[in-house]
Amino acid sequence: MEGISELLTKTKNNMTAVAEKFKQDLGTLRTGRANPQMIENVRVEYYGVPTPLKQMAMLNVSDARTLEIQPWDATAIKEIEKALQQADLGVNPMNDGKLIRITFPPMTEDRRKMLTKTIAKMSEDYKVSVRNERRDAIEKVKKAQKAGEVTEDDLKRHEVDIQKATDAAIALIEKFTAEKEKEIMTI
């Protein structure tokens with residue numbers, strides 16, 4: 001019985017992790033408002049090693065549409081600028097020798113609609129991941145029941161618990177989706 005409770009805990013944690021990963025991925029979408037998450041994982045060739053930008057520089061939001069990138073090593077500023085241009089963010093970084101500024105233009109209505117469609121697709125993909133976790137967990141509980149480790153009543157109870165965890169994770173994904181869509185449409 002101990003193995004099943006561990007399975008249930010692991011399944012709930014995995015489902016919550018999927019929802020949190022979705023929230024992180026939403027942060028990388030360009031919405032018109034400056035957000036350091038959009039560029040923190042841009043890789044910069046630094047002494048021959050592709051290094052995440054967030055490990056090389058301080059990322060600041062100076063106003064609603066401007067990001068400032070201040071490298072800790074001033075000699076890397078050209079490489080950072082080059083990596084930002086190659087990242088295809090739809091913006092042009094401006095280098096003043098000490099820091100790089102990225103100004104995001106206001107979003108058009110077409111871009112907003114396209115982003116909401118992208119978010120809806122991402123949301124559905126993450127929901128599928130949660131449902132796959134549910135399927136795998138239920139299969140394991142059914143195998144345990146067939147092996148005589150779990151009674152039929154326990155099987156039904158565990159299936160209900162797994163479904164509750166699934167519903168909670170999907171509700172969280174839907175909440176994040178609604179928040180991001182609202183943010184996009186009101187910027």
Side-chain angles (χ1 to χ4, degrees), residues 13-133 169-187:
N13 290 342
N14 288 349
M15 288 178 177
T16 303
V18 168
E20 290 301 320
K21 176 72 172 118
F22 175 64
K23 183 178 181 182
Q24 274 184 332
D25 286 353
L26 284 179
T28 64
L29 292 176
R30 182 167 104 61
T31 61
R33 178 179 291 151
N35 180 350
Q37 282 183 312
M38 295 166 43
I39 61 168
E40 68 184 11
N41 289 320
V42 168
R43 300 251 176 212
V44 179
E45 195 69 29
Y46 187 61
Y47 292 108
V49 178
T51 308
L53 183 58
K54 67 181 176 182
Q55 293 179 6
M56 296 182 61
M58 186 167 49
L59 310 175
N60 292 318
V61 178
S62 62
D63 64 49
R65 290 189 6 224
T66 306
L67 274 177
E68 291 182 344
I69 302 148
Q70 186 170 13
W72 290 306
D73 179 3
T75 61
I77 201 159
K78 293 279 188 210
E79 288 83 15
I80 292 172
E81 183 179 23
K82 180 180 171 187
L84 289 168
Q85 288 170 343
Q86 291 174 346
D88 194 27
L89 299 169
V91 293
N92 194 19
M94 294 174 283
N95 177 354
D96 73 1
K98 293 182 181 175
L99 59 91
I100 297 173
R101 284 189 183 81
I102 299 175
T103 303
F104 295 94
M107 290 186 26
T108 64
E109 192 63 29
D110 290 340
R111 174 80 174 135
R112 290 174 202 265
K113 289 177 182 175
M114 187 180 79
L115 265 176
T116 55
K117 287 179 183 177
T118 301
I119 290 169
K121 184 183 178 336
M122 284 174 61
S123 172
E124 194 52 44
D125 291 344
Y126 278 90
K127 288 177 191 176
V128 167
S129 295
V130 168
R131 291 183 195 116
N132 287 340
E133 286 287 337
I170 287 178
L172 200 54
I173 289 171
E174 288 173 350
K175 175 184 163 227
F176 296 149
T177 302
E179 288 172 357
K180 192 65 169 186
E181 285 176 351
K182 181 180 177 192
E183 176 187 338
I184 287 170
M185 297 313 267
T186 58
I187 291 178

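The figures here come from the full heavy-atom set of this structure, side chains too, leaving out hydrogens, waters and symmetry mates.
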Report the C-alpha separation of Glu20 and Phe176 in whole Å, then their side-chain angles, then the decisive distance to 0.1 Å, and conclude whether the side chain to side chain contact (heavy atoms under 4.5 Å, CB included) test is met. CA-CA 9 Å; Glu20 290 301 320; Phe176 296 149; 4.1 Å; yes
Please assess Leu172 against Phe22 for the test side chain to side chain contact (heavy atoms under 4.5 Å, CB included), listing each intermediate value before the final yes or no. CA-CA 10 Å; Leu172 200 54; Phe22 175 64; over 6 Å; no
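Within the 3.5 Å criterion, the main-chain N or O of Ile119 finds no donor-acceptor partner in the side chain of Ser123. Side chain of Arg112 to backbone of Ile184: a donor-acceptor contact under 3.5 angstrom is found. Between the side chain of Asn60 and the main chain of Ser62, no donor-acceptor pair closer than 3.5 Å is present.
Under the 3.5 Å distance criterion, with hydrogens and angles disregarded, a donor-acceptor pair is assigned to the side chains of Asp73 and Thr75.
When side chains are defined from C-beta on, Lys117 does not count as touching Lys113, because their heavy atoms never get closer than 4.5 Å. You'll find the side chain of Glu79 stays beyond 4.5 Å of the side chain of Tyr46, heavy atoms only. Side chains of Ile80 and Asn95 form no contact here, defined as non-hydrogen atoms less than 4.5 Å apart.
Glu124 and Arg131 are joined by a salt bridge, as a carboxylate oxygen and a charged side-chain nitrogen come within less than 4.0 angstrom of each other.
Considering all non-hydrogen atoms of both residues, Glu45 and Val49 come closest at OE2-N, 3.6 Å. Shown here for Val18 and Ser129, the closest heavy-atom pair between the two residues is CG1-CB, 4.0 Å. Residue Ala57 comes nearest to Pro71 through the heavy atom pair CB-CA, 3.5 Å, listed as atom of the first residue, atom of the second, then distance. Considering all non-hydrogen atoms of both residues, Glu81 and Pro93 come closest at OE2-O, 3.8 Å. Heavy atoms only, all atoms of each residue included: Leu67 and Val61 are closest at CD2-CG2, 3.7 Å.
Between Met58 atom CE and Gln70 atom CD the span is 4.5 Å, to the nearest 0.5 Å. The CZ atom of Arg111 sits 10.5 Å away from the OG1 atom of Thr116 when rounded to the nearest 0.5 Å. Between Ile69 atom CD1 and Ile77 atom CD1 the span is 9.0 Å, to the nearest 0.5 Å. Atom CZ of Arg43 and atom OG1 of Thr51 lie 7.5 Å apart (nearest 0.5 Å). With values rounded to the nearest 0.5 angstrom, Lys127 atom NZ is found 6.5 Å from Ile170 atom CD1. The OG1 atom of Thr108 sits 9.0 Å away from the CG atom of Leu115 when rounded to the nearest 0.5 Å.
Identified under the ring pair (Phe, Tyr, Trp, His ring centres under 6.0 Å) test for residues 47-101, with sequence neighbours left out: none.
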